[in-house]
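Data first, discussion second: the structure below is written as structure tokens.
Starting from 1, each residue takes its place in the sequence as its number. All values below come from the heavy atoms of this structure, side chains included, with hydrogens, waters and symmetry mates left out.
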Amino acid sequence: MSTEEKPAAAPRSLAEALRGRDDAELAALLRSRPDLVTPVPTDLTQLATRAGTRASVVRALDRLDLFTLQTAQALAVAADPAPYDELLGLLAGDEGDRAVSAALPGAVRTLREQALVWGDDDRLRLVRTARELLSPSPQHPSPTGLGPTVREATAGMSPGRIQEIVTTVGLPSTHDSVSAVAALTGLFTDRERMAELLAEVPFESLEVLERLVWGPPYGQVTADPATRLRRLLDRGLLLPTAPGTVVLPREVALHLRGGRAHRTVEPVPPPVGAAATHPPQVVDATAAGQAYTALATVEELLKDWDEGGPAVLRSGGLSLRDLKRTAVALDVTEPVAAFWVELAYAAGLLASDGGGGTSHALKAVGDDERYAATPAYDTWRERPAAERWTTLAAAWLTATRTPGLVGGRDAKDHTLSALGPGLDRSAAPEVRRRVLTLLAGLPEGAAPDVGSVSERLRWERPLRATGAAAGSGSTGSGSGGGDDLRSRLARWTLTEAEMLGVTGRGALSAHGRALLGMPAPAPKAHAERTDRSPEPTGPGDRLPVHHRPAVPPPDSPAPPSPLLTALTPAEQAAASAAAARLLAPQLPEPLDHVLLQADLTAVAPGPLQRPLADMLGVLADVESKGGATVYRFTPGSVRRALDAGRAATDLHAFLAAHSRTPVPQPLTYLIDDVARRHGHLRVGAASAYVRCDDDAMLNEILADKRAAGLGLRRLAPTVLAAQADPAGLLEGLRQMGFAPAAESAEGDVLITRTDARRTPPRAAPEPVPEGPPVPDDTLLAAAIRAVRAGDLASTAPRKAKAGEADAGAGSGELPRTGSAETLATVQAAVLTGESLWIGYVNAEGAASQRVIAPVRVEGGFVTAYDHTADEVRTYPLHRITGVAELADDEN
């Protein structure tokens, strides 16, 4: 047989299996398990070692779907190594299962790709750490419910007792325990002989086995077992493991189960059902209405905090009292108020001012740290409504902060507060995107059944759904109830998406689909879809979310489940722009007019243009909201407009220009009356003072008992000094019925603006990543090139020196030669053009092995082409530990 015809040798280790992969397969491994690339491994042996560490294996198992995890669990109780047919039998049972047979190749492929399984189909090996995590043990029962094998259970049993069991079951006695245990194992794994053995056991004894067959496999017995138990113990169908404890051997349990390792195997993800279906136009219109309400709510929240919002708690966040006040101001419940506050924070529109903020308004000395709008809020308000919505929606989609946790307790039994610490959940962005992706797979206008969404998520991440670590005893079935974090995140996602306007009546809207980076579905595809069609975008799609097909081919097996790929910043920007284009026509056009009424109210029949809304918000108070907003004019609201620098003539002209009805006479009188008294008193900083040309008015203030708390005293006929700060003095005089105006140090009237208080520039909070970030293509290419080169250096064969028995490289030791020999070898390689294997220690003291082709040696430096780095480099000769010639290639 020629060399080309020789079959490739089976890998003897995970490192050898990785060496057989091409660059694309290595990139897929590092992308699915990003913890392996930080820091970049020096070679494939180190990569394999890192892939087998407990922390990395637990993280990889944590991201497997249910069927792939069940496959790994079955391998953990199979022989090591196990042939593919044995694994198929453990999952499909003696009778077989077409769905399992169709899905198993994909599950094994996923385990191989993630370096949890290696070897050919005739010798499948689960990495040792995964086997230790998933194998049965008394401390950590197997998720399969199986117990130890006969060999493991009889490890501490006396040889005489083993021979008694062998004789009782009709096997010939042996000369040693090892052969006796092997004979007993052969009996228990032989279906026909095992059936004959169980036929001899009475029914009451079989009932005992039935109670243990699906786990847990351990039971308690007394010192003098009953007859039905004694029959089982005598035949080895139950084996003692400790005083008073017996176990059902794995081989016996598998026979009673019909060869199945799991009671229920779920090779296909559960479908997401539709609870209701609405016309797509109704869904889009409803979602657009919710989107506009979301914008109005965020604006109202930040407008309420324009001059400084609630104080920041010492531990961070909002107090419960301030959250209640915010909920009352927004006319929503407290959980909903927490959502809007957190959304504004996630979008970078709200932050802490750091203890003062940037304001031109008159403020008290020593202000506490408070929440306020950021400068980004002013820019955000000037953008079109659709773009403002995409800013909020994109921030919500990627935020790790979870408003639904507000009011709960942390690990130290402290209450979790809005805007406070402890609200980050790294799984939140993945769950949000996954839930919306599942909604995108339903027919247009279909609202999902919440329970089916939770069941699907449990199937996709069973270990996370149960909150159990690998091997902790979870059944792994993925079924059943449980208020796990992912289920709660799914429910919160559906609720928040509806409030934000991503969905309408529970169904994903067209602009919501575009926000995810998905193309609009073809109507024909939805018309042909049936209730039995598989779910779209299964967890095993290898494409990014925005490239995944909406509906897979019918009857296709469930693919394995990798990480859900989020959009890159550029892709998200493009998706947001597309969503804004779809949403813009659905939003109502702002109006440029209101309807003034004789009862000092104004009715806005729809959303108002920005300048009109801003001015009306200063001049009047909002009395009611809904389809039409009602504003009420009061002396306080008119004074507020005058404080903002407007004159009475400006207010009259503004109302006349923007009212479709004549300006009522009572409103004209109200403005003139307030303007006549406005600014008659002047308040400034002494700590504070009151200045007025009318000394009779100052006498009236001094005589008023309500002024006692202000600490007033007369400095001059027209000036009063106060112990209160200017802001407190202004508020006190206004409560007494006066209309004072603040003035600057130069004596000019100080103009106050409703948006005066702003925080210093603040960046939006960064999401808390869930483990190491997924490397980009550039980093992956560089990492693979470095690993390949390092592996070449560590495995390159070298010529043996005199007295050396082994010329192979790969022991991990650096070559050692003297300086004279090093110089001579390098100079010879320059002349012959040969490559050398060198050991090198850099300036930081890090040692490495490299394969170089020397080009020039001069001045104590060698210039060479470095095969490890794939570039020409210069090395100081004194940092080279030694050199060795590479062995000739054998063809």
* Asked: Given the rule in the side-chain contact (heavy atoms from CB on, under 4.5 Å) test, do Leu350 and Trp340 qualify, once you have shown the distances and angles that lead to the verdict?
  -> CA-CA 11 Å; Leu350 173 67; Trp340 294 120; over 6 Å; no
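- Between the side chains of Thr400 and Asp424, at least one donor N or O lies within less than 3.5 Å of an accepting N or O.
- The two residues Ala346 and Ala764 come nearest to each other via the heavy atoms O-CB, 3.4 Å.
- Across Leu567 and Ala575, no two heavy atoms sit closer than the pair CD1-CB, 4.0 Å.
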* **Worked verdict on Glu571 versus Thr568 for side chain to side chain donor-acceptor pair (under 3.5 Å)** => CA-CA 5 Å; Glu571 291 168 343; Thr568 65; 3.3 Å; yes
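- Using a distance-only test at 3.5 Å, with no hydrogens or angles considered, a donor-acceptor pair links the side chain of Glu342 to the main chain of Leu419.
- No donor-acceptor distance shorter than 3.5 angstrom exists from the side chain of Asp322 to the backbone of Pro310, with no hydrogens or angles considered.
- Atom CD of Gln723 is surrounded by 12 or fewer heavy atoms from other residues, nucleotides or ligands within 6.0 Å.
- To the nearest 0.5 Å, the span separating CD on Gln586 from CG on Asp284 amounts to 5.5 Å.
- Between the side chains of Arg409 and Thr415, at least one donor-acceptor pair of N or O atoms lies under 3.5 Å.
- Formation of a donor-acceptor pair under 3.5 Å by the Arg432 side chain with backbone atoms of Ala399 is found in this model.
- Here the side chain of Arg401 pairs a donor or acceptor atom with the backbone of Gly420 at under 3.5 angstrom.
- The distance from the OG1 atom of Thr668 to the CG atom of Leu655 is 8.0 Å, given to the nearest 0.5 Å.
- To the nearest 0.5 Å, atoms CD (Gln572) and OG1 (Thr390) are separated by 9.0 Å.
- For CG of Asp693, the number of neighbouring non-hydrogen atoms (other residues, nucleotides, ligands) closer than 6.0 Å is 12 at most.
- For residues 641-673, the ring pair (Phe, Tyr, Trp, His ring centres under 6.0 Å) pairs, not counting sequence neighbours, are Phe654-His658.
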* salt bridge (Lys or Arg N to Asp or Glu O under 4.0 Å) evaluation trace for Arg505 with Glu498 -> CA-CA 7 Å; Arg505 299 196 178 186; Glu498 189 73 14; over 6 Å; no
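- Side-chain contact check for Asp304 versus Thr326: every heavy-atom pair is 4.5 Å or farther apart.
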* Stepwise, does the side-chain contact (heavy atoms from CB on, under 4.5 Å) test hold for Leu515 with Ser576? -> CA-CA 5 Å; Leu515 184 71; Ser576 297; 4.0 Å; yes
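- Put simply, the side chain of Val336 does not reach to within 4.5 Å of the side chain of Leu330, judged on heavy atoms.
- Counting non-hydrogen atoms of other residues, nucleotides and ligands closer than 6.0 Å to CZ of Arg383 gives a total above 12.
- In this structure, the separation between SG on Cys692 and CE on Met697 is 5.0 Å, given to the nearest 0.5 Å.
- With respect to the salt-bridge test (charged N to carboxylate O, under 4.0 angstrom), the residues Glu299 and Arg388 qualify.
- A distance of 8.0 Å separates CG of Leu436 from CG of Leu494, quoted to the nearest 0.5 Å.
- In terms of modelled atom types and a separation under 3.5 Å, the side chain of Thr503 and the main chain of Gly506 share no donor-acceptor contact.
- The backbone N or O of Leu405 lies less than 3.5 Å from no partner atom in the side chain of Thr402, so there is not a single donor-acceptor pair.
- You'll find the side chain of Asp614 reaches within 4.5 Å of the side chain of Arg381, heavy atoms only.
- Counting only N and O atoms by type, the side chains of Arg639 and Thr634 include no donor and acceptor under 3.5 Å apart.
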Please set out all donor-acceptor pairs under 3.5 angstrom arising from side-chain atoms of residues 729-741, sequence neighbours excluded.
from   : atom 1 : to     : atom 2 : distance (Å)
Glu731 : OE2    : Gln735 : NE2    : 3.3
Arg734 : NH2    : Asp643 : OD2    : 2.7

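- Using a 4.5 Å heavy-atom cutoff, the side chains of Leu698 and Leu712 are not in contact.
- Remark: side-chain polar atoms of Thr601 are not paired, donor with acceptor, to backbone N or O of Arg632 under 3.5 angstrom.
- Taking 4.5 Å as the limit, every side-chain heavy atom of Trp492 sits out of range of all side-chain heavy atoms of Val431.
- Between Asp621 and Arg640 there is a salt bridge, with a side-chain nitrogen of the basic residue lying less than 4.0 Å from a carboxylate oxygen of the acidic one.
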* To do: Applying side-chain contact (heavy atoms from CB on, under 4.5 Å), run through Leu392 and Trp380 and close with a yes or a no.
  => CA-CA 10 Å; Leu392 297 179; Trp380 178 78; 4.0 Å; yes
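- Closest non-hydrogen pair, Gly348 versus Ala376, comes out as O-CB, 3.8 Å.
- Within the 4.5 Å cutoff, side-chain heavy atoms of Leu608 are placed close to those of Val594.
- The minimum heavy-atom distance between Leu591 and Gly606, with the atom names listed, is CD1-N, 3.5 Å.
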* Report the C-alpha separation of Leu508 and Val283 in whole Å, then their side-chain angles, then the decisive distance to 0.1 Å, and conclude whether the side-chain contact (heavy atoms from CB on, under 4.5 Å) test is met. => CA-CA 8 Å; Leu508 188 65; Val283 170; over 6 Å; no
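- Ion pairing between Lys412 and Asp410 fails under the 4.0 Å rule for side-chain N and carboxylate O.
- Considering CD of Gln597 and CG of Leu667, their distance stands at 11.5 Å, rounded to 0.5 Å.
- Side-chain contact between His511 and Trp389 is present, with at least one heavy-atom pair separated by less than 4.5 Å.
- Counted within 6.0 Å of CG on Asn699, heavy atoms from surrounding residues, nucleotides or ligands total more than 12; the atom is thus considered enclosed.
- Proximity of Phe633 to Leu619: side-chain heavy atoms (C-beta onward) are separated by under 4.5 Å at one or more points.
- At distances below 3.5 Å, not a single donor-acceptor pair connects side-chain atoms of Gln290 with backbone N or O atoms of Ala497.
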